[in-house]
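Data block below; observations after.
Numbered from 1 within each chain, the chains take letters A, B, ... in sequence-line order. This one's a predicted model, so the numbers in the text were calculated from it and none came from an experiment.
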Protein chains: 2
Amino acid sequence: MRPHKHPSADQLTLERIFHALSDPIRLEIVLHLARVETATCGELDGDRPKSSMSHHFRILRDAGLVHTRAEGTIHQNSLRLTDLNARFPGLMDAILAQAMNGGTSGAKPKRKR
Amino acid sequence: MRPHKHPSADQLTLERIFHALSDPIRLEIVLHLARVETATCGELDGDRPKSSMSHHFRILRDAGLVHTRAEGTIHQNSLRLTDLNARFPGLMDAILAQAMNGGTSGAKPKRKR
DNA sequence: ACTGTTATTCGATAATAATCGAACTACCAA
DNA sequence: TTGGTAGTTCGATTATTATCGAATAACAGT
């Protein structure tokens with residue numbers, strides 16, 4: 001696959017990150033990855049066309065949020081938390097905490113505990 | 001003026017907030033407001049057309065990031081930090097801290113006037 | 001009422017982004 | 001080699017956003 005290009009940590013910008021997270025599908029992907037650590041593209045499509053998902057993954061990669069490595073025919077995705085925390089300490093913690101607590105539009109009003 | 005409509009705190013969504021912040025102009029506005037607490041629209045245009053700025057302010061208002069109140073002919077804008085912190089505790093702190101620390105693409109350091 | 005200031009709204013155009021089928025690549029196994 | 005699987009890329013279409021001049025509205029002063 002000629003390994004995907006990922007921006008280096010110091011190339012990340014908040015604008016790109018915010019743009020990547022402004023789409024419900026992508027926010028869902030990020031949220032899922034925050035829970036399971038690593039997942040293939042196929043595990044994350046919600047019955048959506050592969051080409052659409054590939055598009056969203058590319059934006060997440062370009063924003064530096066997600067790292068994709070090919071293992072055979074499947075691609076393992078994971079959040080680049082180490083790089084993100086190095087570049088923007090505390091940011092992802094805050095974002096993920098709020099996203100998991102029902103801050104997203106698309107979905108489940110999650111009850112507190 | 002028919003006072004601007006502002007979403008209530010519990011209507012805010014992360015998607016809208018991220019979308020609002022994904023534009024360099026709007027991020028700059030938010031950053032500026034974080035420093036000065038309150039400012040008129042005119043103080044925040046960078047020699048850009050008024051209509052463009054009004055557009056951006058509307059998106060910031062719709063996202064719940066900015067509150068605008070009319071005082072005579074001028075409009076005072078301020079960040080809705082109280083509401084934002086109530087809805088998404090820690091989020092704006094993290095975002096503003098990183099944005100002020102050079103996370104923006106424009107990388108234009110402070111320009112004062 | 002008239003004038004200047006501040007900002008919003010309208011309307012048209014341009015730029016950017018999302019969607020998705022189809023073709024394609026890479027890989028693995030039989 | 002054939003076939004199946006996992007993703008990407010291409011290309012066309014649609015949808016959403018941005019930009020900005022012009023018109024409009026609200027207001028303060030004179």
Sequence neighbours excluded, every pair satisfying ring-ring contact (aromatic ring centres under 6.0 Å, His included) that has a member inside residues 27-62 of chain A: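 For residues 27-62 of chain A, and leaving out neighbouring residues, there are no ring-ring contact (aromatic ring centres under 6.0 Å, His included) pairs at all.
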Short side-chain N/O contact from Ser54(A) to OP1 or OP2 of dT8(D), under 4.0 Å: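 Yes, Ser54(A) has a side-chain N/O under 4.0 Å of OP1/OP2 on dT8(D).
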Contact under 4.0 Å: Arg61(B) side-chain N or O vs dT8(C) OP1/OP2: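 It does, given that an N or O in the side chain of Arg61(B) lies less than 4.0 Å from OP1 or OP2 of dT8(C).
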Length of the line joining [X]:[atom1] and [N]:[atom2], which is rounded to integer Å:
{"X": "Lys5(B)", "N": "dT9(C)", "atom1": "NZ", "atom2": "P", "result": "9 Å"}
{"X": "Met53(B)", "N": "dT8(C)", "atom1": "CE", "atom2": "P", "result": "10 Å"}
{"X": "His4(B)", "N": "dA26(D)", "atom1": "NE2", "atom2": "P", "result": "12 Å"}
{"X": "Ile29(B)", "N": "dA18(D)", "atom1": "CD1", "atom2": "P", "result": "11 Å"}
{"X": "Gln76(A)", "N": "dG7(D)", "atom1": "CD", "atom2": "C1'", "result": "13 Å"}
{"X": "Glu71(B)", "N": "dA7(C)", "atom1": "CD", "atom2": "P", "result": "11 Å"}
{"X": "Glu15(B)", "N": "dT16(D)", "atom1": "CD", "atom2": "C1'", "result": "16 Å"}
{"X": "His75(B)", "N": "dT5(C)", "atom1": "NE2", "atom2": "P", "result": "17 Å"}

Could you tabulate the donor-acceptor pairs under 3.5 Å formed by side-chain atoms of residues 86-99 of chain B, not counting sequence neighbours?
from, atom 1, to, atom 2, distance (Å)
Arg87(B), NE, Ala9(B), O, 3.4
Arg87(B), NE, Leu12(B), O, 3.4
Arg87(B), NH2, Leu12(B), O, 3.2
Gln98(B), NE2, Pro89(A), O, 3.0

B/S/- contact track for nucleotides 14-22 of chain C, protein heavy atom under 4.0 Å: ---SSBBBB
Near-ring test His4(B)/His75(B), centroid separation under 6.0 angstrom: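 Yes, the ring centres sit under 6.0 Å apart.
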Contacts of [X] that satisfy side-chain hydrogen bond (donor to acceptor under 3.5 Å, both in side chains) - sequence neighbours left out:
{"X": "Arg48(A)", "result": "none"}
{"X": "Thr40(A)", "result": "Glu43(A)"}
{"X": "Glu37(B)", "result": "none"}

Touch class at under 4.0 angstrom, heavy-atom based, for Thr68(A) against every strand present: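 No contact at all - Thr68(A) keeps every heavy atom at 4.0 Å or more from the nucleic acid.
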Backbone N/O of His19(B) and side chain of Ser22(B): donor-acceptor pair under 3.5 Å: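 Yes: the side chain of Ser22(B) pairs with the backbone of His19(B).
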